[in-house]
Amino acid sequence: MSVQYYWGTGRRKTAVARVRLRPQGEGKFQVNKRDGHEYIGGSPRLKADVLAPLKLLGFEQKYDVFVNVHGGGIHGQVGAI
């Protein structure tokens, strides 16, 4: 059985994020092969901004999110994600 993914690209100034969503997930969130919350750091607002679209739809625990992001600073990267 093959696993289905949804792919997307986000940009913010010089930051570029390639995002892959896996349905039927368990809420895993990775950025650059690290835990996403660890990568973003201690700012609750930045963490909330990244996960807001999933939370709005009630998909926080239904999708796994894998992100590769580069360029810019952490705020630009969060905007791109």
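Computed from a predicted model, the values in this text were never measured in an experiment. All residue numbers in this chain count up from 1 along the given sequence.
Under the 4.5 Å side-chain heavy-atom criterion for Ile, Leu, Val, Met, Phe, Trp and Tyr, Val50 and Leu57 are members of the same hydrophobic cluster. Grouping the Ile, Leu, Val, Met, Phe, Trp and Tyr side chains by contacts below 4.5 angstrom, directly or via other members, places Tyr5 apart from Val69. Both Val31 and Tyr6 are assigned to one and the same hydrophobic cluster, defined by single-linkage of ILVMFWY side chains at heavy-atom distances under 4.5 Å. Cluster annotation: Phe59 is connected to Leu21 through the hydrophobic network of ILVMFWY side chains, with a link wherever side-chain heavy atoms come within less than 4.5 Å.
With a 4.5 Å cut-off on side-chain heavy atoms, Phe29 and Ile40 count as touching. Counting heavy atoms from C-beta on, the side chains of Thr9 and Val16 come closer than 4.5 Å. Under the 4.5 Å side-chain criterion, counting only non-hydrogen atoms from C-beta, Arg22 is in contact with Val3. You'll find the side chain of Leu46 reaches within 4.5 Å of the side chain of His75, heavy atoms only.
When all heavy atoms are compared, the tightest approach of Ala15 to Gly71 is CB-O, 3.5 Å. Minimum heavy-atom separation, Arg12 to Gly76: CB-O, 3.4 Å. Between Gln30 and Lys33, the shortest heavy-atom distance links the atoms OE1-CA, 4.4 Å.
At least one donor-acceptor pair under 3.5 Å links the side chain of Lys47 to the backbone N or O of Gly41. Without hydrogens or angle criteria, Asn68 side chain to Ala17 main chain gives no donor-acceptor distance under 3.5 Å. Put simply, the side chain of Glu60 never gets that close to the backbone of Leu51: no donor and acceptor are under 3.5 Å apart. Put simply, the side chain of Asp64 gets close to the backbone of Glu26: a donor and an acceptor are under 3.5 Å apart.
The line from CD of Glu38 to CG of Asn32 is 11.5 Å long, rounded to the nearest 0.5 Å.
Other residues, nucleotides and ligands contribute more than 12 heavy atoms inside 6.0 Å of the NE2 atom of His37.
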Checklist line | Pair Tyr63-Gln61, side-chain hydrogen bond (donor to acceptor under 3.5 Å, both in side chains): steps then yes or no | finding: CA-CA 6 Å; Tyr63 281 77; Gln61 301 302 317; over 6 Å; no
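Side-chain contact annotation: Tyr39 with Gln77, donor-acceptor N/O pair under 3.5 Å present.
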